[in-house]
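Values below: all heavy atoms of this structure, side chains included; hydrogens, waters and symmetry mates excluded.
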Amino acid sequence: MEKKVRVRFAPSPTGGLHLGGVRTVLYNYLFARQHKGDFILRIEDTDQNRYVEGAEEYIQECLKWCGLEPDESPLHGGPYAPYRQSERKEMYREYAEQLVKQGNAYYAFDTPEELEAMRDKFRTEENPSPQYNHSTREKMRSSLTLNDDEVSRLLGEGTPHVIRIKMPENETLSFTDMIRGEVSFNSSLSDDKVLLKGDGMPTYHLAVVVDDYAMKITHAFRGEEWLPSAPVHLLLWKYLGWLEDMPQWAHLPLILKPDGHGKLSKRDGDRLGFPVFAMNWKDSKTAELTQGFRELGFLPEAFINMLAVLGWNDGTEQELYSRDELIERFSLDHVHKGGAKFNYEKAKWFNHEWIKKLPADKWQMTVRKDFEQKGVTIEDEEKFSKVLELVKDRCTLLTDFWEQASFFFKSPETIEVAAVKPKWNEDKAMFFDILAEKLTVQEEWTAANIELLFKETAAEKGIKMGELQLPFRIMLVGGKFGPTVFDIAALIGKTETIGRIRKGLTNIG
RNA sequence: GGAGCGUUGGUCAAGGGGUUAAGACACCUCCCUUUCACGGAGGAAUCACGGGUUCGAUUCCCGUACGCUCUACCA
């Protein structure tokens, strides 16, 4: 019988959740759903130095916002709990000891200073980063070089030590990556990675293997940066006797900086003016706030869609996919091998498309909250809906609605007088004066009626419509933008329209 | 330095021995609109280079170049 598909996203709680991270979550999630499998969130908090308070909750919240919630996690629980590596500490040591007994790993007593000294000693122009490997390990203090009595004594005295894997010499290690096909490495090229640290915590290398095995993970997705350490993991699966259960790997292409080269980082976002994190992230130490896609006005649907097609396509011309469509269409053999530069303009385009595509009630509340935060309370639901419908074509981000629609609810504070002043004259002033009078007695307040009245009055005064529309717009809106003026007048109501004309008249004239 | 991985317009990319080498974003022109957008019609722009294999390579093979990742008691 086929094993049930189980995948996992395994972040370290060290800060904001990066675009690349969300995409890894997405691919995991899509794969799991497509195969009716389980999606697990496992927190890899084995590095006490990098641990950041609140980061785990933040990650959970991001997944929730994206609509990619796990089936098992520290929060939801599950049959393989705990899902936090710090709470699984004991089991890693056991396996590490087992490897030592088998001769596949060893105790190393070198101090950080000794390691540094070793690196300094062997560092040359040709070899800028000397490794702790078959050629150097003979010269270090470990259970490989010390006699048994000495080792037991050191251990007995509680001497700080780590457990390192003993990499074999000259073995070809290969495996089949779901995206890249067969990849192989020479075992001599990898160093003797630390498996268990001095503080008793495992490193990533030991922890992923042990946990993926314990949690019955069948497919493992991770960034391409992990490819070079895959042989170490492969060896661990083998030494621990679990090779049969090793998950299939997929090393995902990286998301690159839009300019220049290299992996996209939070810094690039700050530098180039776009978000990199899914949601706002506030560093608890520096109190520095980094803006997220959510707060900048992105729809989760758009965010997910944009990420899905950054490195994947279904071979057709389609670009807009709902989450369910993605679940149906996603496939690993259409995932690109090369990295993709992030393009913020395109990301915004996706958002614009989703604003137009989604029914307004999906995002209305977000806009409303934004308005209320900026001091405009919505009293008339119906008017609010009509306004949103009227301006949504002009909004790329949800936060654009403020600029495009706030004038429907409050009179513009300043108006762009300069736009009409040069062509302003007595006749025009008179026109608006008469218009205001006529509007006062206008019974049925509709865009069509207002337009009709406007036209008639213009004809009477012998002024062209076009000459008058811009001033009218400036009076109502404050600037040269927005929908048709008559629609605006109809929506803001009679009193307000007349009020803005009068006010505009005094400002311009 | 070494290893691994990668390379189709400015960007995301389809295609995969014979094609006018799709499409999208951005850019340019025009139309619509006497506002700003949306929308519509066009335009410019691409197979990194060199060798093979082949009647024929963007596509397959080998090199080269370039880029990225890794080379921590970080993940």
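Atoms NE2 (His251(A)) and C1' (U69(B)) sit 11 Å apart, rounded to a whole Å. To the nearest angstrom, C1' of A75(B) lies 12 Å from CZ of Arg42(A). A straight line from CD of Glu116(A) to P of C73(B) spans 10 Å, rounded to a whole angstrom. Spacing between atom CD of Glu114(A) and atom C1' of C73(B) amounts to 14 Å, rounded to whole angstrom units. Atom CD of Glu319(A) and atom P of U11(B) are 17 Å apart (whole Å). One interatomic measurement links the two molecules: CD of Gln404(A) to P of A37(B), which rounds to 10 Å at whole-angstrom precision. Taking atom CZ on Arg123(A) and atom C1' on G1(B), their separation rounds to 12 Å, with Å as the unit. The interatomic distance linking Arg180(A) (CZ) with C5(B) (C1') rounds to 6 Å, in whole Å.
Two rings, from Phe401(A) and Trp363(A), have their centers less than 6.0 Å apart. Less than 6.0 angstrom separates the ring centroid of Trp226(A) from the ring centroid of Tyr204(A).
Listed candidates were C73(B), C5(B), C70(B). Nearest to the side chain of Val183(A) is C5(B). Of the listed nucleotides (C73(B), U71(B), C5(B)), C5(B) has the atom at the smallest distance from the side chain of Glu224(A). With U35(B), G2(B), A75(B) as the choices, the nucleotide that has an atom nearest any side-chain atom of Leu189(A) turns out to be G2(B). Set against A37(B), A26(B), C12(B), the side chain of Arg394(A) has A37(B) as its closest nucleotide. Closest approach to the Leu254(A) side chain among U69(B), A75(B), A13(B) is made by U69(B) (side chain taken as heavy atoms from C-beta onward). For Trp349(A), counting side-chain heavy atoms from C-beta on, the closest listed nucleotide (A22(B), A24(B), G1(B)) is A24(B). Across A72(B), G1(B), C12(B), the shortest atom-to-atom separation from the side chain of Ala340(A) is found for C12(B). The side chain of Pro128(A) has G1(B) as its nearest neighbour among C74(B), G1(B), A3(B). Nearest to the side-chain atoms of Lys341(A) among the listed nucleotides A3(B), U71(B), C12(B) stands C12(B). Relative to the side chain of Val162(A), the nucleotides U71(B), C73(B), A14(B) differ in distance, and C73(B) lies closest.
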Base-pair map of RNA chain B as dot-bracket, where | denotes pairing with a different strand and pairs are Watson-Crick or G-U under 3.5 Å: (((((((..(((.....[....))).(((((.......)))))....(((((..]....))))))))))))....
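Taking OH of Tyr344(A) as the reference point, atom CG of Leu272(A) lies at 11.5 Å (rounded to 0.5 Å).
Between G15(B) and His334(A), a contact under 4.0 Å exists linking OP1 or OP2 to a side-chain N or O. Regarding contacts with the backbone of C68(B), every side-chain N or O of Lys257(A) stays at 4.0 angstrom or more from both OP1 and OP2.
The shortest distance between side-chain heavy atoms of Phe342(A) and Leu256(A) does not fall below 4.5 Å.
Using a 4.0 Å cut-off between a side-chain N of Lys or Arg and a carboxylate O of Asp or Glu, Lys266(A) and Asp283(A) do not qualify as a salt bridge. For the pair Arg93(A) and Glu90(A), the salt-bridge criterion is not met [side-chain N within less than 4.0 Å of a carboxylate O].
Side-chain polar atoms of Tyr83(A) and Asp211(A) form no donor-acceptor pair below 3.5 angstrom.
With its glycosidic angle more than 90° from 0, C12(B) is assigned anti.
Within 4.0 Å of Pro258(A), counting heavy atoms only, lies no atom of the nucleic acid at all.
In this pair, Phe486(A) and Phe454(A) present their aromatic rings perpendicular. The plane angle is above 60°, beyond the 30 to 60° band.
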